[in-house]
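Shown next, in structure tokens, is the structure this report addresses.
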There are 2 protein chains.
Amino acid sequence: MCDGYDPAKCTTVSEMLARLGDKWTVLVIMMLGDGPQRFSDLKRMVVGVSQRMLTLTLRALERDGIVERTVHPTVPPRVEYALTDLGRSFSVPVKALGGWVFANHEDIQSARARFDERNAEAGPKLIKLG
Amino acid sequence: MCDGYDPAKCTTVSEMLARLGDKWTVLVIMMLGDGPQRFSDLKRMVVGVSQRMLTLTLRALERDGIVERTVHPTVPPRVEYALTDLGRSFSVPVKALGGWVFANHEDIQSARARFDERNAEAGPKLIKLG
DNA sequence: CAGTATCCCGGACGATACTG
DNA sequence: CAGTATCGTCCGGGATACTG
């Protein structure tokens with residue numbers, strides 16, 4: 001993929017992957033898939049997210065042009081978040097990836113079971129990551 | 001995507017995304033795309049990776065059934081890593097995602113530039129994640 | 001060669017308190 | 001309501017040294 005070799009683009013790929021890999025980004029994108037949502041609604045829908053992390057996640061997505069932030073100057077303030085065209089476009093390959101995991105869930109689980117079985121008796125080793 | 005709602009599958013999606021989001025997984029998968037590679041060859045190809053992280057990354061991928069580890073009982077030892085069928089299948093949506101970033105690189109960069117421009121004068125704020 | 005063991009640091013993330 | 005500021009914890013990941 002990074003064969004034609006544009007280092008800048010490869011860096012961006014890593015950045016977007018890291019973004020997807022963080023704890024809340026994909027959930028937020030999914031919740032915005034059905035239309036715009038207010039901050040507090042998102043906070044309720046994305047169970048477990050802290051105010052801080054929701055803000056951070058939305059800011060990062062806004063910076064990348066995936067999400068658009070609209071402030072309605074009312075009292076109390078009303079802020080809506082929506083996917084941009086770029087965001088909706090982005091969600092296509094993201095959903096494809098999610099779909100792949102759904103489709104291959106059995107294979108993954110059985111592979112893990114076999115691995116854990118084989119390495120059952122072994123000592124503590126350094127099996128981390130996960 | 002997680003609408004039909006199988007919590008176990010959604011958890012697996014998060015796990016695989018977290019895996020992709022870590023620092024070396026995608027690079028390793030790409031390097032194995034052209035065929036099997038020895039541990040030390042991978043270490044040379046994936047520039048900057050430490051022995052520890054390469055081992056950890058490969059172990060996690062092996063556990064998930066994405067990569068297969070073959071030990072040739074010679075002296076000195078020869079260990080080869082290769083993508084499994086599942087791994088090659090997995091790399092399809094992964095490459096699609098990478099391809100999307102390549103195709104939309106301009107849009108992302110300009111979105112970032114505009115965001116940073118708008119928030120130039122502002123104080124330190126809490127803009128992290130990135 | 002292909003690991004494993006240990007130490008260490010920075011940053012992701014959570015909890016809490018405060019504000020326009 | 002929609003944030004921001006601050007503090008503390010945990011762990012991803014790097015550096016180094018050792019081994020079959």
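None of these values were measured; they are calculated from a predicted model.
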Looking only at non-hydrogen atoms, find the nearest pair between T25(B) and R19(B) and report the distance.
OG1-O, 3.2 Å
According to a 4.5 Å side-chain heavy-atom criterion applied to Ile, Leu, Val, Met, Phe, Trp and Tyr, with indirect links allowed, do L42(B) and V71(B) form part of one hydrophobic cluster?
yes
Round to the nearest Å and state the distance from K43(B) atom NZ to dA2(C) atom P.
12 Å
Expressed as a whole number of angstroms, how long is the span from R59(B):CZ to dG12(D):P?
17 Å
Taking the side chain from S89(B) and the backbone from D85(B), do they hold a donor-acceptor pair closer than 3.5 Å?
no
Just the rounded figure in Å: distance from P of dG12(D) to CG of L54(B).
17 Å
Starting at CG of L58(A) and ending at C1' of dC1(D), how long is that distance when rounded to a whole Å?
14 Å
For dA2(D), take OP1 and OP2 only and decide whether either is under 4.0 Å from a side-chain N or O of R78(A).
no
R69(A) side chain, from C-beta outward: closest of dT4(C), dA2(C), dA2(D):
dA2(D)
Rounded distance (Å) that lies between atom C1' of dC1(C) and atom CZ of R44(B)
11 Å
Any side-chain N or O of S40(A) under 4.0 Å from OP1/OP2 of dA2(D)?
yes
Rounded to whole Å, please give me the gap between CG in D41(A) and P in dC1(D).
10 Å
For nucleotides 14-20 of chain C, 5' to 3', base contacts (B), sugar-phosphate-only contacts (S) and non-contacts (-) with protein non-hydrogen atoms under 4.0 Å give BB-B--B
Is the phosphate of dG3(D) approached by Y81(A) (side-chain N or O, under 4.0 Å from OP1 or OP2)?
yes
Which whole-number value in Å describes the distance from E62(B) CD to dA2(C) C1'?
14 Å
Quickly work out the L56(B) CG to dC11(D) C1' distance and round it to whole Å.
12 Å
Sidechain-backbone polar pair: D64(B) side chain, I66(B) backbone, donor-acceptor under 3.5 Å
no
R112(A)/E15(B) salt bridge by N-O under 4.0 Å criterion:
yes
When you measure from the side chain of N104(B) to the backbone of W100(B), do you find a donor-acceptor pair of N or O atoms at a distance under 3.5 Å?
yes
Got a donor-acceptor contact below 3.5 angstrom from the K43(A) side chain to the V49(A) backbone?
yes
Working to the nearest 0.5 Å, report the span between CG of D107(B) and OG1 of T84(A).
9.0 Å
How does DNA chain C look in dot-bracket notation if pairs are Watson-Crick or G-U with both distances under 3.5 Å, crossing ones as [ ], other-strand ones as |?
||||||||||||||||||||
Applying the 4.5 Å side-chain criterion to the ILVMFWY set and letting contacts propagate, would L32(B) and M45(B) be lumped into a single cluster?
yes
